[in-house]
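Numbers here are sequence positions counted from 1. Numbering of ligands and ligand atoms starts at 1, following listing order.
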Amino acid sequence: MRLLLTGGAGFIGSHTSLLLLQRGYDVIIYDSFVNSSYKVINVIKSYLDSDGIDYKLKTIKGDIRDKSSLEKIFKDSIKEGNAIQAVIHFAGLKSVAESVKYPLKYWDVNVCGTKNLLEIMKDNECYSIVFSSSATIYGLTNAVPISEDQTVSPMNPYGKTKVAIENMLCDLFKSNMNLWKICSLRYFNPVGAHPSGLMGEDPIGIPSNLFPYITQVAIRRINLLKVFGDNWNTEDGSGVRDYIHIMDLSEGHIDAIGFLKSKKSIYESINLGSGKGYSVFQIIREFELSTGCEIPFLIEGRRDGDVAEYYADISKAERLLGWSPKRSLKQICIDGWNWQRNNPEGYT
Ligand code: NAD
Ligand code: UFG
């Protein structure tokens, strides 16, 4: 089965690409490399080569806003007699802070880019798509665990583009309910790395998220961690989130593709998280215990836009996809540290 992975060279896309190729899927990665390195493609290939796996992978550099380039991929696949049967749509911009500064850029790439992709899919009779949505769409919420039927109220332009895309997907489904198979996966906090230590998260510049920040403190690229608030209404006063191992998240995409394959038509939004909440202090402690690295920190004021606590209700993913996370927080820390230790400067 041939799949198109937009943004397939990114953090989540690269781990999912490798897993799909290991399971025998034929993969086309389409990525502009604005937030990823071509080196990850070579890592994927050499990993599969060393395992003696016969695989089918094409990588094409391009932007999802470039209609003719996207169109050519679909048409060429049809000409080869190997049409693209489904798309996993990771491509997009994901920085909350940047989206506040440059909202139009986010609406253009995320929303207009997705509209392009959907038009081309429709024109080429490809009707299955798994979309990368985000828990950020739930915004300020007091009710944890968060289930999919909770009202969405995104607090930043990034989150608003994800809601807009979900709405566009839902409208498209309703326009022809016998045709489209759509699964919107709402990720919580993807962290950790491939167990080989060869692939992981490689943020450009200073990380804005907790986990890559911690691994960079551990490798001493950064001196100390700033904990954004110890006076939240949580058990130890620090913020609580749902951290999910990147490998568990990647497996969720394989299950989502299988789920779509088994349906005549469908539209679903599904949370992918660990279903557990951990505080910043718990993460620091577990990282120190699992890796033996000391993480010096200081307490800072709260970060704008943060919420005290959220974690996912993952019963829908368990029920519909037959998916559940298997890896512990300890495994997240070990794998994340292994990646950072082997690649102190990431892919560069
Ligand atoms: P990432 O930045 O590592 O990957 C995104 C990929 O898309 C990159 O390789 C980038 O080069 C590519 N890209 C960006 N704009 C493009 C364009 N116009 N055309 C083609 N390619 C383009 O991010 P990620 O963490 O792998 O996230 C993947 C998806 O999941 C994103 O849509 C993101 O919004 C969503 N998501 C991520 C998280 C997270 O915490 N990592 C959480 C929730 C949702
Ligand atoms: N935190 C710190 N210090 C840091 C970074 C974060 O104390 O240097 C704290 C935050 O205050 C929060 C927790 O660590 O309590 C997690 O913060 P992250 O920035 O790692 O993650 P968020 O949950 O705030 O947001 C991330 C992405 C969003 C995405 C969301 C859910 O940034 O885009 O996960 O997927 F939508």
Side-chain angles (χ1 to χ4, degrees), residues 5-16 29-38 40 60-66 69-70 88-99 105-106 108-110 112-114 116-117 131-139 154-156 158-159 161-162 165 185-191 201-204 206-214 216-217 222 224-230 232 234 238-244 246 249-250 253 271-273 277-281 283-284 297-312:
L5 269 60
T6 68
F11 173 44
I12 305 170
S14 57
H15 288 78
T16 308
I29 290 178
Y30 184 76
D31 201 301
S32 64
F33 295 97
V34 282
N35 201 37
S36 49
S37 163
Y38 196 88
V40 76
I60 298 163
K61 185 173 176 188
D63 194 298
I64 49 169
R65 290 166 298 173
D66 180 350
S69 157
L70 257 183
I88 308 184
H89 180 32
F90 298 106
L93 301 177
K94 64 166 183 178
S95 157
V96 169
E98 194 192 34
S99 78
K105 183 172 156 190
Y106 272 68
D108 186 36
V109 172
N110 293 359
C112 300
T114 305
N116 262 348
L117 172 68
F131 168 62
S132 298
S133 189
S134 170
T136 198
I137 67 173
Y138 293 115
M155 291 157 61
N156 53 67
Y158 166 65
T161 66
K162 292 292 182 189
I165 296 166
L185 297 177
R186 297 174 175 173
Y187 312 147
F188 280 65
N189 295 45
V191 287
E201 190 170 10
D202 185 18
I204 292 172
I206 296 175
S208 49
N209 298 120
L210 179 68
F211 198 81
Y213 205 101
I214 286 182
Q216 293 199 14
V217 171
I222 301 174
L224 86 174
L225 170 72
K226 295 170 193 152
V227 174
F228 297 140
D230 64 349
W232 293 97
T234 59
S238 65
V240 169
R241 295 289 184 277
D242 181 328
Y243 299 93
I244 173 154
I246 185 68
L249 191 80
S250 297
H253 292 76
N271 287 341
L272 289 186
Y278 288 103
S279 74
V280 175
F281 291 136
I283 299 288
I284 297 172
F297 66 86
L298 60 80
I299 311 293
E300 286 253 316
R302 293 181 178 187
R303 183 173 64 175
D304 269 358
D306 262 356
V307 295
E309 171 175 50
Y310 67 72
Y311 53 93

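Taking atom 16 (C) of ligand 1 as the reference point, the nearest protein heavy-atom neighbour is Ser32 OG, 3.4 Å. Residue, atom and distance of the protein heavy atom nearest to atom 15 (O) of ligand 2 are Gly239 CA, 3.6 Å. The nearest protein atom to atom 24 (O) of ligand 2, hydrogens excluded, is given as Arg303 NH2, 2.9 Å; this is a heavy-atom distance. Among all non-hydrogen protein atoms, the one lying nearest atom 4 (O) of ligand 1 is Gly10 CA, 3.4 Å. Looking only at heavy atoms of the protein, atom 33 (C) of ligand 1 is closest to Tyr158 OH, 3.5 Å. Of the protein's non-hydrogen atoms, Ser134 OG, 2.7 Å is the one closest to atom 36 (F) of ligand 2. Atom 13 (C) of ligand 2 has its closest protein heavy atom at Tyr243 OH, 3.6 Å. The shortest contact between atom 2 (O) of ligand 1 and any protein heavy atom is with Asn35 ND2, 2.7 Å. With respect to atom 3 (O) of ligand 1, the closest heavy atom belonging to the protein is Phe11 N, 2.9 Å. Atom 31 (C) of ligand 1 has its closest protein heavy atom at Phe90 O, 3.1 Å. Of the protein's non-hydrogen atoms, the one nearest atom 27 (O) of ligand 1 is Ile12 CD1, 3.7 Å. Looking only at heavy atoms of the protein, atom 32 (O) of ligand 2 is closest to Asn209 ND2, 2.8 Å. In terms of protein heavy-atom proximity, atom 24 (P) of ligand 1 is closest to Lys94 NZ, 3.7 Å. Nearest non-hydrogen protein atom to atom 7 (O) of ligand 2 is Phe228 N, 2.9 Å. Atom 30 (C) of ligand 2 has as its closest protein heavy atom Tyr310 OH, 3.4 Å. What sits closest to atom 35 (O) of ligand 2 on the protein, heavy atoms only, is Phe188 O, 2.5 Å.
Thr136 is not listed as a side-chain neighbour of Lys94, based on a closest heavy-atom distance of 4.5 Å or more. The shortest distance between side-chain heavy atoms of Asn156 and Tyr106 does not fall below 4.5 Å.
Taking only nitrogen or oxygen atoms, main chain and side chain alike, Tyr30 does not reach within less than 3.5 Å of ligand 1. Residue Val34 has at least one N or O atom closer than 3.5 Å to an N or O atom of ligand 1. For Tyr187, no nitrogen or oxygen atom sits less than 3.5 Å from a nitrogen or oxygen atom of ligand 1, counting backbone and side chain alike. For Leu210, a nitrogen or oxygen atom sits less than 3.5 Å from a nitrogen or oxygen atom of ligand 2, counting backbone and side chain alike. Geometrically, ligand 2 and Thr136 share no nitrogen or oxygen pair separated by less than 3.5 Å.
With atom 43 (C) of ligand 1 as the reference point, the heavy atom nearest to it among Ser36, Ser134, Gly92 is part of Ser134. Closest heavy-atom approach to atom 39 (C) of ligand 1 within the set Pro190, Gly13, Pro212: this belongs to Pro190. Remark: among candidates Gly8, Ser133, Ala91, Ala135, the nearest residue to atom 44 (C) of ligand 1 is Ser133, based on non-hydrogen atoms.
Under a 4.0 Å criterion applied to the non-hydrogen atoms of Ile64, ligand 1 contributes the atoms 17 (C), 18 (N), 19 (N), 20 (C). Annotation for ligand 1: atoms under 4.0 Å from non-hydrogen atoms of Phe33 are 11 (O). For ligand 2, the atoms sitting less than 4.0 Å from at least one non-hydrogen atom of Val96 are 33 (O), numbered in the order shown with element in parentheses. Heavy-atom contacts of Gly62 reach the following atoms of ligand 1: 19 (N), 20 (C) (cutoff under 4.0 Å). In summary, the atoms of ligand 2 found under 4.0 Å from a heavy atom of Ser208, numbered by their order in the structure, are 5 (C), 19 (O). For ligand 2, the atoms sitting less than 4.0 Å from at least one non-hydrogen atom of Val227 are 7 (O), numbered in the order shown with element in parentheses.
In this structure, OG1 on Thr6 lies 9.5 Å from OH on Tyr30, to the nearest 0.5 angstrom.
Counting heavy atoms under 4.0 Å from ligand 2, residue Arg302 does not touch it at all. Residue contacts with ligand 1 for Val109 involve side-chain atoms from C-beta outward but no N, CA, C or O (heavy atoms, distance under 4.0 Å). Counting heavy atoms closer than 4.0 Å to ligand 1, residue Glu201 contributes nothing at all.
Assignment of Phe211 to the shell around ligand 2 is not supported, since no heavy atom sits closer than 4.0 Å. Residue Phe281 places every heavy atom at 4.0 Å or more from ligand 2. Taking a 4.0 Å cut-off on heavy atoms, Thr6 fails to register as neighbouring ligand 1.
Defined by atom type and a distance below 3.5 Å, a donor-acceptor pair is missing between the side-chain atoms of Ser95 and Tyr158.
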